[in-house]
Amino acid sequence: MRPDKILNLLKEEEKRQEETVNMVASENYPDMRILKAYSSIISNRYSEGYVGKRYYAGTKVVDKIEGIAVDKVKRLFGSEHANVQPHSGTQANMAVMMSILKPGDRILSMDLACGGHISHGNRLSIAANLFKTMHYGVDKKNGRIDYEDVRKKAIKFKPSLIIAGGSSYPRGIDFKKFRDICDETGAYLLCDIAHTAGLVCAGLHQNPCDFADFVTFTTHKSMKGPRGGVILCKDKYAKQIDRAVFPGTQGGSLNSNIAGKAICFEIAATGRFKRYIKRVIQNSRILCRLLKERGVNIVTNGSDTHIILISLENTNTNGHAVQEALEKAGIMSNKNLIPFDKGSPKKPSGIRIGTLGLTSRGFTKKDIHRLSEIISYAVKNPEDEDGMIKRKKIVTKICKKHPIYKRNNKKC
Ligand code: DSN
């Protein structure tokens, strides 16, 4: 194989991204300057260790970049300490667990089907081999976290760590209530804001740094940055967190990602970013309303974030079939479990969509209106291949109006 083959495939992917709508709730388009930093020569360097304490020579510039990233993210969230080296959100969560728990300790976290995350001690994660996990769920009537149930489970299970947050919970989370439960039961509190970190920066979600012992997040979702994870914590945990990341659970840091993170944190502090997040939430609410008007069921009956979880319960289809139908129309989404799902992870009863990417591209209300027609058609007629292919023309036309990178990503 010639290396050109891969470069050509990258061009093919660029075309695919430009011509389709990415409604995967965990993905976004970073600023071009971030992409540039991300694929730069700084990735040639090893820099194991931390700023001023490296195991390699020639890390003067790397130190400056990581120092800027750490300072900026601390200021952004009002945190005492930050570690910007985790390669991903899962790595960040693992490092927090390894920093404070011993094998056999207990974790209380949100059930995956109710919106949690695999890395929160789900039976499929490595954490499940080391720690005992109990999950809390949501209220069957409204799909929202039942804080009294979390409290009762914490009193009974006596966990060392309680985790708030996840990857498909569409509503805001009351971290203060989690803090109170942790104080009552003596547990550490980890808030995983992988999805909502950008909303926190924009002041449109409660800031967990006011309540949590540890906060983890990823930089590539609502933060609109490079792929990667971050851990925030109080100074008193700084040493053990840093040790748990390197050398505990990771080797050399990805300097190019850290350079991208530094730019991402700079942008996230601007008024333009705040306005972008506001539009993300507005678009999510508009889309929820339009889908409901077209008879589509939404878990929790709406959203406070960019995440919309469509329920296919009581229909004769499943998330896999709808995901495939939407892809034929040029809309990317992902099948997802919903609370109390009777299906399986491969054929769950939900489909998760989000408004981060389309808002970055500047989709208008009219565009969202058209998308709502296509999504509701796919939910009701996933087998109609011709119908979906016909609708792809509409999607391609909308996409052409809103290129991702042609304007140097000047528009947020
Ligand atoms: N895979 C991410 C998501 O889709 O939310 C979480 O790790």
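Order of appearance sets the numbers: ligands from 1, and atoms from 1 within every ligand.
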Parallel, tilted or perpendicular: which one describes the rings of H205 and F175, with boundaries at 30° and 60°? tilted
Return the residue, atom name and 0.1 Å-rounded distance of the protein heavy atom closest to atom 1 (N) of ligand 1. S26 OG, 4.6 Å
Can a cation-pi geometry be assigned to K224 and F273, taking NZ or CZ under 6.0 Å from the six-membered ring centre and within 45° of the ring axis? no
Relative to atom 7 (O) of ligand 1, which among E27, H220, H117 owns the nearest non-hydrogen atom? H117
Between F178 and Y136, how do the two ring planes meet: parallel, tilted or perpendicular, split at 30° and 60°? tilted
Could you list which atoms of ligand 1 come closer than 4.0 Å to a heavy atom of H195? 3 (C), 5 (O)
Going by distance alone, is a donor N or O of one side chain under 3.5 Å from an acceptor N or O of the other, for Q91 and Q250? yes
